[in-house]
2 protein chains.
Amino acid sequence: MNASEPADSGLLALAQDFREALRHSIYLVRRLDADGELSAAQLSMLKMLMDAGPAAGGGASSASGVRVGEIARNLGVKVPSATEQIIKLERAGLARREPDPSDSRAVRVTLTEAGLAAVATANERRNAVMAGVLSSLSDDDRAALAAALPVIGRINATLQA
Amino acid sequence: MNASEPADSGLLALAQDFREALRHSIYLVRRLDADGELSAAQLSMLKMLMDAGPAAGGGASSASGVRVGEIARNLGVKVPSATEQIIKLERAGLARREPDPSDSRAVRVTLTEAGLAAVATANERRNAVMAGVLSSLSDDDRAALAAALPVIGRINATLQA
DNA sequence: CCTAACTGTTAGGCTACCTAACTATGAACG
DNA sequence: CGTTCATAGTTAGGTAGCCTAACAGTTAGG
């Protein structure tokens with residue numbers, strides 16, 4: 001419509017639509033998280049520990065576990081919030097806190113067996129619910145969604161930096 | 001891989017990926033909402049009032065405003081939570097509560113001029129931030145995202161029912 | 001050493017949500 | 001009509017998750 005700034009106006013429109021979609025998706029997330037097992041925050045943390053746990057990034061030695069500060073950064077929260085969640089997970093027997101041998105200030109957090117199992121169970125259940133929702137879509141819709149997921153992943157990755 | 005239930009396993013995989021994407025997108029939403037103006041919940045409510053306000057659904061007469069129960073349903077929260085937010089908006093001068101002339105039990109909520117302006121401002125700002133994020137994508141990525149938005153909208157619509 | 005930088009915990013506070021209990025109005029029916 | 005049941009919203013009390021500020025212990029540098 002506007003010849004002077006077509007790109008910008010399209011970008012803003014896309015931004016608005018995407019925002020709207022995410023805003024509404026909060027219901028969906030809320031419904032998924034309402035299975036009364038693990039809270040969203042706790043599952044996120046457990047999952048992160050699982051992903052990062054086995055082979056921690058670029059570390060030379062096999063320093064098992066993730067440091068509190070790193071957890072906070074990964075989850076996009078402040079350190080005290082991470083501590084709070086970690087303590088809850090620890091009390092629930094899902095995670096363990098151990099001193100870092102190479103730096104006595106630091107704390108290493110690892111999943112327990114129970115934690116690992118809890119992640120698996122919770123994820124399965126939520127995936128099943130989500131799959132139920134997606135099952136009502138057409139094949140084309142699912143294809144479009146699948147094509148967009150890497151893009152959304154790229155958007156999210158941008159924010160980590 | 002598995003010939004017996006290829007559709008189901010694909011569906012579950014898609015479900016998992018979509019869930020993951022939404023989970024990570026929470027950062028993005030949080031960042032957008034951290035502009036220190038209106039909280040996410042309040043902006044959602046204001047926006048809903050704006051959308052529903054002018055021409056309320058299938059109502060015969062021009063009953064202006066939205067009822068508290070309807071607001072709660074639209075936002076996916078319980079009535080007391082809606083009341084709470086409405087009171088905050090009212091105190092901030094962004095919304096008004098009036099008795100429903102046709103049912104003295106009911107309350108009609110409408111935006112004030114200030115509320116309308118606040119929605120506009122907050123949305124503009126957040127759209128700009130989001131546009132900034134999206135500007136780093138390739139054209140193909142943006143196209144894929146745009147194609148998926150209606151699908152996500154359809155998913156969200158499913159939940160309303 | 002002694003100070004400066006860093007890691008994590010504690011303390012206190014806020015928002016947004018929930019359930020349960022209450023008030024007031026409307027509607028149905030004998 | 002008047003009692004009874006349903007509906008609309010508010011109030012009260014509680015929880016989860018996040019934040020900032022203040023604190024304690026550890027490491028590293030001058």
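Order of the sequence lines fixes the chain letters, A, B, ..., with proteins taken first and strands second; residue numbering starts at 1 for each chain. As a basis for the values below, the full set of heavy atoms in this structure was taken, side chains included, without hydrogen atoms, waters or symmetry mates.
Using a 4.0 Å heavy-atom criterion, one finds that A/Ser81 contacts the bases of the nucleic acid, with or without backbone contacts as well. Contact annotation for B/Gln85: backbone-only contact, meaning every heavy-atom pair under 4.0 Å involves sugar-phosphate atoms and none involves a base. Using a 4.0 Å heavy-atom distance criterion, B/Val79 is classed as a base contact. Residue A/Thr83 is in base contact, counting any heavy-atom pair closer than 4.0 Å across all strands shown.
Summarising the geometry, atom CD belonging to A/Glu113 is positioned 12.0 Å from atom CG belonging to A/Leu94; distances are rounded to the nearest 0.5 Å. Note that the OG1 atom of A/Thr110 and the CE atom of A/Met50 stand 14.5 Å from one another [nearest 0.5 Å]. We find the CZ-CG distance between A/Arg108 and A/Leu49 to be 12.0 Å, quoted to the nearest 0.5 Å. Atom CE of B/Met45 sits about 5.5 Å away from atom CD of B/Gln85, to the nearest 0.5 Å.
At whole-Å resolution of the value, CD in A/Glu84 and C1' in C/dT9 are 11 Å apart. Between the OH atom of B/Tyr27 and the C1' atom of D/dC18 there is a distance of 14 Å, rounded to whole Å. Taking atom CZ of residue B/Arg73 and atom P of nucleotide D/dG9, one finds them 10 Å apart after rounding to whole Å. In this entry the distance linking CG of A/Leu43 with C1' of D/dG17 reads 15 Å, nearest Å. Regarding B/Glu70, its CD atom lies at a distance of 9 Å from the P atom of D/dG9, rounded to whole Å. Put simply, CD1 on B/Ile86 is 16 Å from C1' on C/dT15, counting in whole angstrom units. Atom pair A/Ile71:CD1 and D/dC18:C1' shows a separation of 16 Å (rounding to whole Å applied). As rounded to whole Å, 15 Å separates atom C1' of C/dC18 from atom CG of B/Leu75.
Pair assignment for D/dG30: C/dC1, on the basis of Watson-Crick or G-U wobble contacts that are both within less than 3.5 Å.
The phosphate of D/dG17 (OP1 or OP2) has no side-chain N or O of A/Lys78 nearer than 4.0 angstrom.
Shown here are the side chain to side chain donor-acceptor pair (under 3.5 Å) partners of B/Asp140, two or more places apart in sequence or in another chain: there are none.
Each of D/dT10, C/dT7, C/dA16 was ranked by its minimum atom distance to the side chain of A/Arg67; first place goes to C/dT7. Listed nucleotides C/dC17, C/dT10, C/dT7 differ in distance to A/Ala106; the shortest reach to its side chain belongs to C/dT7.
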Enumerate all atom pairs, one protein N or O and one N or O from nucleotides 26-30 of chain D, separated by less than 3.5 Å.
{"unit_1": "D/dT27", "atom_1": "OP1", "unit_2": "A/Ser104", "atom_2": "N", "d": "2.8"}
{"unit_1": "D/dT27", "atom_1": "OP1", "unit_2": "A/Ser104", "atom_2": "OG", "d": "2.9"}

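By the 4.5 Å heavy-atom criterion applied to side chains, B/Thr112 and B/Leu89 are not counted as neighbours. For the pair B/Leu38/B/Arg126, a side-chain contact is recorded, criterion being any heavy-atom separation below 4.5 Å from C-beta on.
Take the nearest nucleotide of DNA chain C for B/Lys88 and for B/Pro80: the residue whose nucleotide is more 5' is B/Lys88.
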